[in-house]
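Notes follow once the structure below has been shown.
Note that the structure is a prediction, hence the values are computed from the model and not measured. A note on names: the letters A, B, ... follow the listed sequences, proteins ahead of strands, and every chain is numbered from 1.
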Amino acid sequence: MKLDRLGTTAMSAALVAVALSGTAALAQDAEFTIAVSIPAATHGWTGGVVYHAEQAEQQIEAAYPNIDVIVSTASSATAQVSALEDLSATNELDALVILPFTSEELTGPVEQVASTGTFITVVDRGLSDESIQDLYVAGDNIAVGANTAEWLVEQLGGEGEIVVLRGIPTVIDDERIQGFTEVIEQSNIEILDIQYANWNQDEAFTLMQDYLGKYPNIDAVWANDDDMLLGVLEAVDMAGRTDVKYALGGNGMKQVIEMVMEGDERTPISTPYPPSMIASAMYMTAAQFAGQAPMRGSFLLDAPLITPENADQFYFPDSPF
Amino acid sequence: MSSAEIAVLPETEGFRIRWADLAPFIALALIVLAGALINSNFMAANNLLNVITRSAFIAIIGVGATFVIATGGLDLSIGSMLAFVVGIMIMAMNAMAPSLGVWAIPAGAAVALVVGSLCGLLNGLIITVGRIEPFIVTLGTMGIFRAFITWMTDGGSLSIDNSLRAAYRPVYFGDVLGVPYPVVITIVVALIGAFVLYKTKYGRRVTAVGSNADVARFSGVHVGRVRTLAFVIQGFCVAVAAICYVPRLGAATPTTGQLWELQVITAVVIGGTLLRGGKAHIWGTVAGALILEVIANVMVLSDMVSEYLVAAVQGAIIIIAMLAHRFTSAR
């Protein structure tokens, strides 16, 4: 009896030891797979997203050998849905970092992935159902518009005539315009005109030429995106108009940040909506697994003005954007 | 059927045909008149010059598209091809700038013309040798060229070297005796296009192939060669447009030339060229390009239409113009 008990104790101790070493070994080679699904590089900003995602993939894999990051790009909402299906069919996903093309169309497919227990990080565009996501990382589009508007109101002394160029009809564009117009409406500044130029340099050039032809005096122009701003500047220079005191964009494109650094008088500031937010999201997701650092919640990046003093913090000379 | 119509029409209704040929110019005049009534700034010399200069790209590419469409073909790849040629040209110029200085500009332009013609040749050969529908082939090459420019720019933008920028700028912004260079280039391209189409043997074969390929083949025309050459002309015209395009913004991006193929095809068809082939109208295409650009300009100058509905009004005007054209020429 006694011996027997001793035997079982020894045996169970041994079992526990085996089990313990087993889990230890498991923790050591535990492989975590993080899938990253982002839009393909179809214009400047998404080009930046792809660049920063690839950079972060290499850095995270180098820092945490047990984490495998898979970056997948998609050229449309439907393509992204297919990519999600492929990713979850061929891999055991521990986490999914997704920058959805559109909120509504991607909500269902992401919910599917989440139902198998995958940790979901949503970047930039929120899903229709917020309960699906574990972590939300985004820039503040309303602040992008509002901060620019506040700066402009102050510089123009609260009055003047301005024109605005919109991007592609989306939530992002709506929020920026909303943030901007709400601030402008409280001043005596008049918005002469507001039209879509689809975040496209050529269309921005054309639209600005038309604005310049239509209005003899324009104190400032807000292009809402730095890609469009470059087209706007070319049109203003060609017309030789000196009444345009300020021409502002947004997003923090490297060419425009260079202008800010050099102290350009017409474009002295920009507002960040950095594509590198994908890297923030990937690092935070990796920390959830590698460091057991709790990362559930919402994380909203500020949109502080980029000025000559802080421009170097926003400058990535190797990024395509 | 279509060949019978075309054989009969010139004899019995010669006068009406000529009247219908004038339709795009009448439509252009009406839209200009409307613009002048809507906003007095419309007729300002600066505004008109801007609009005419801007329409040069679509007009130049449209001259090439007139050839392709007249042979019964269709090229959906032109917007992407323009972006690709622009990208190659900028890379070539930047690479040659240190050794050649400003001579890198004409050298880069020559590279562009060769690359553009080769792109057209590629389209033409796949269509004629491979015997595949032009729609499908150029849909494929549209994706290929677009992917190449996205890859070349890493999704961002590819800018021309600063040392060349100042020297090259006048090609878009400069003028001869008040006429901007892009307009001069458009007129030259259209004159050459009209000469080739109306005065040469090749030009007559283009419309013959387009109206009935089988009849043309039996009459000893090498249909494949005529079609392929039309695509080469198209590629060459795209390269000429690229040469005018680069000095404007000095950069290529993945959105360069996006959806231009649809604008070009619309300009060609508004201009009186039949989409099914067999009838070509070079100057009509130029008028068509102007019509599209003027409509867009008038939309911005007028305050009548909500910014959300601008595209709807543009679409409606194009359809109305085509309907008016059809009813006047069918009677």
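Between chain A and the options B/T153, B/N47, B/V300, the largest number of non-hydrogen pairs under 4.5 Å is found for B/V300. Ranked by heavy-atom pairs under 4.5 Å with chain A, the list B/D154, B/L249, B/T253, B/V51 is led by B/L249. The residue among A/Q209, A/M253, A/Q195 with the most heavy atom pairs within less than 4.5 Å of chain B is A/Q209.
Counted by atom type alone, A/T206 and B/E293 present zero donor-acceptor pairs between their side chains at under 3.5 Å.
Atom-to-atom distance recorded for A/L230:CG and B/S159:OG is 8.0 Å, nearest 0.5 angstrom. Taken to the nearest 0.5 Å, the CD atom of A/E234 stands 4.5 Å off from the CZ atom of B/R169. How far OG1 of B/T256 is from CG of A/N200: 7.5 Å, rounded to the nearest 0.5 Å. Atoms CG and OH, from B/N41 and A/Y215 in turn, are 9.5 Å apart once rounded to the nearest 0.5 Å.
Heavy atoms of A/F205 lying under 4.5 Å from chain B belong exclusively to its side chain. At a 4.5 Å heavy-atom cutoff, the contact between A/I194 and chain B is made by backbone and side-chain atoms alike. For B/Y172, the part lying under 4.5 angstrom from a heavy atom of chain A is the side chain only. Residue B/S302 touches chain A through its backbone alone, counting heavy-atom pairs closer than 4.5 Å. Heavy atoms closer than 4.5 Å to chain A are found nowhere in B/S40, neither backbone nor side chain. For A/Q255, the part sitting under 4.5 Å from any heavy atom of chain B is the side chain, from C-beta outward, and nothing else. The parts of B/R248 that come within reach of chain A are both its backbone and its side chain, each placing non-hydrogen atoms under 4.5 angstrom from that chain. Only the side chain of A/D193 comes within contact range of chain B, with heavy atoms under 4.5 Å apart.
For A/Y196, the OH atom counts as densely surrounded, since its 6.0 Å shell holds more than 12 non-hydrogen atoms of other residues, nucleotides or ligands.
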Step by step, work out the side-chain contact (heavy atoms from CB on, under 4.5 Å) result for A/D202 and B/F57.
CA-CA 12 Å; A/D202 282 302; B/F57 307 128; 5.6 Å; no

After noting the C-alpha distance and the side-chain angles of B/R54 and A/D210, does the key distance pass the salt bridge (Lys or Arg N to Asp or Glu O under 4.0 Å) rule?
CA-CA 11 Å; B/R54 267 166 8 202; A/D210 290 347; 3.1 Å; yes

Before you tell me yes or no, could you show the steps for A/K214 and B/N39 under side-chain contact (heavy atoms from CB on, under 4.5 Å), namely the whole-Å CA-CA distance, both residues' side-chain angles and the distance that decides it to 0.1 Å?
CA-CA 8 Å; A/K214 188 176 177 187; B/N39 191 317; 3.9 Å; yes

